[in-house]
Each structure stands twice: as C-alpha cells, then as structure tokens.
Protein chains: 2
Amino acid sequence: MKTLVIYDIELDKVRTKVSELCKDYGLQRIQYSAFFGELNTNRREELRQRIKKTLGRTVGRIHFFPICDKDLRLVMQVMNLPELLVDGDDGEASC
Amino acid sequence: MKTLVIYDIELDKVRTKVSELCKDYGLQRIQYSAFFGELNTNRREELRQRIKKTLGRTVGRIHFFPICDKDLRLVMQVMNLPELLVDGDDGEASC
C-alpha cells in the first residue's frame, strides 16, 4: 500500500538519519520532510519501530499515512519549482 | 472527507499566508508544515485555488491528500514533544 511519511524533527542528525531510513525502505522524497512510496504492513511497522528507536528521547513527530489507490486518484498538487520560473523574475506572491 | 495538506514554501510571508488559509478552512496544524481536517470536494478545490493564487510565481510545493475513513484507521504516529520529556535530560538519539 502506498504510504506517506511526514515528520517534524528538531535535531539535524536525527532528521538526516530518519530521511536515510525512509530511502532505505524505498520511499521517495516528495517534500523536504515528506517521503512517499510502497510499504506493506510489516515493512511499515518495521520502519516505524526503527524511526522510533532513532528518535529515542529527542523531540520529534512522525506521521505514517497509508493511502489506498482510490484516495491516491484524488491527490492534488500546486507546485512552482525554481527551474520552472523561466523568465528569471523571482515572481511575486499575491498575498 | 478528511484531507491532509503538506507544504514546502520558500518565502516566510507566503508560508504564513498559506497556513492562515488552512486554518480559515478549519484545518488543524498537525506538524509545522502540515494541516489536517474535514474538507468536501468543493472546499478542497477552493482552498487549492486560493493557495495557488497566494503562491503566485514564488517557489513552493503543496500536496493535498484526501484520506478515507478506512485509511484513517491505519494512520500511525511516533511522537516526543518537549513537555513529555519529563526528567529534564535533552534525551539521546540512538543514531
């Protein structure tokens, strides 16, 4: 089942280790603190345990969202990446 | 339907405005750049449009994940919040 892992982690070294763990389990980074990919129930629980151990008693919050195919078809995205802002202006936010 | 909104946004003023919009639409902050709550299809699209307008041509990436009740029951979390680390040590990460 596709799974989204998102996290707020205070210590840089712990955050780095958690992102490495997510990659080790085949997840792709979709945002700075968000990984996404296929995990079966055992692997999801195994990853959760390893992240919990890695976090230890340091400050952090990690969520695991399994996402079924039906929900996946409803996912939406708004995206402006630097390389897509072609004409060089840094763009103006309308707020 | 419950909806998770996660974002990476470069400019502070845009990020703040997007978080205000999420609150305006009744979502709860569950992480620094993640909001969660009930949104029907119209409201979800309306929020997406307003966030897109707010982002304008500045750098950012926002995902909207609708989450059905069945998936919701599978959500897991690992959490250490400062106030829960009672005995004062800043804790040791095991990594």
Side-chain angles (χ1 to χ4, degrees), chain A residues 1 3-11 13-14 16-18 20-21 30-34 36 41 44-45 47-49 51-68 70-82 84-85 87 89-95, chain B residues 1 3-11 13-14 16-18 20-21 30-34 36 41 44-45 48-68 70-82 84-85 87 89-95:
Chain A
M1 192 172 189
T3 301
L4 173 71
V5 180
I6 61 172
Y7 51 80
D8 273 351
I9 295 172
E10 197 170 67
L11 296 181
K13 69 171 184 176
V14 177
T16 304
K17 176 70 180 172
V18 166
E20 293 305 318
L21 277 172
I30 61 167
Q31 287 189 15
Y32 184 66
S33 300
F36 182 77
T41 306
R44 195 163 53 233
E45 176 54 21
L47 176 59
R48 189 184 73 86
Q49 294 290 350
I51 286 178
K52 190 173 178 199
K53 190 165 175 286
T54 299
L55 189 66
R57 292 183 48 76
T58 65
V59 174
R61 185 165 203 173
I62 301 98
H63 285 90
F64 302 76
F65 287 92
I67 297 180
C68 64
K70 198 169 132 269
D71 288 354
L72 214 49
R73 285 191 287 274
L74 300 174
V75 173
M76 300 189 293
Q77 189 180 176
V78 172
M79 181 172 61
N80 276 344
L81 298 186
L84 299 180
L85 296 172
D87 51 22
D89 70 318
D90 61 2
E92 247 325 290
S94 59
C95 61
Chain B
M1 194 172 186
T3 301
L4 173 70
V5 180
I6 61 173
Y7 51 81
D8 273 352
I9 294 173
E10 195 171 67
L11 295 182
K13 68 171 185 175
V14 177
T16 303
K17 175 70 181 171
V18 166
E20 293 306 317
L21 277 172
I30 60 166
Q31 286 189 15
Y32 183 66
S33 299
F36 182 76
T41 306
R44 195 162 55 233
E45 176 53 22
R48 190 184 72 86
Q49 294 289 350
R50 291 185 65 183
I51 286 177
K52 190 174 178 195
K53 190 166 175 282
T54 298
L55 188 66
R57 292 183 48 76
T58 65
V59 175
R61 185 166 204 171
I62 302 98
H63 285 89
F64 301 77
F65 288 91
I67 298 179
C68 65
K70 201 171 127 263
D71 288 354
L72 216 49
R73 285 192 287 274
L74 300 173
V75 174
M76 300 189 294
Q77 189 180 175
V78 172
M79 181 173 62
N80 276 343
L81 298 186
L84 299 181
L85 296 172
D87 51 20
D89 70 318
D90 59 3
E92 248 326 291
S94 58
C95 61

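All values below were derived from every heavy atom in this structure, side-chain atoms included, with hydrogens, water molecules and symmetry-related copies excluded. Since this is a predicted model, take the numbers as computed values, not measurements. Lettering of chains follows the sequences in order, A, B, ..., and the numbering in each one begins at 1.
- Contact of Ile9(B) with chain A is not made at all, since no heavy-atom distance falls under 4.5 Å.
- Residues Tyr32(B) and Tyr7(B) come closest through the heavy atom pair O-OH, 3.7 Å.
- Per-residue counts of heavy-atom pairs under 4.5 Å with chain A were compared for Ile30(B), Ile67(B), Ile51(B); the largest is that of Ile30(B).
- To the nearest 0.5 Å, the span separating CZ on Arg50(B) from CG on Leu21(B) amounts to 5.0 Å.
- Take Gln49(B) and apply the side-chain contact (heavy atoms from CB on, under 4.5 Å) test, not counting sequence neighbours, and it matches Glu45(B).
- With a 4.5 Å cut-off on non-hydrogen atoms, Leu72(A) does not touch chain B at all.
- Note: Ile62(A) CD1 to Asn80(B) CG = 8.0 Å, rounded to the nearest 0.5 Å.
- Contact count versus chain A (heavy atoms, under 4.5 Å) is highest, among Asp8(B), Thr16(B), Val5(B), for Asp8(B).
- Between the CD1 atom of Ile6(A) and the NE2 atom of His63(A) there is a distance of 6.0 Å, given to the nearest 0.5 Å.
- Each of Met76(B), Met1(B), Gln31(B) has some count of heavy-atom pairs under 4.5 Å with chain A, and the biggest count is that of Gln31(B).
- Comparing Arg48(A), Glu10(A), Lys70(A) by heavy-atom pairs within less than 4.5 Å of chain B, the highest count is held by Arg48(A).
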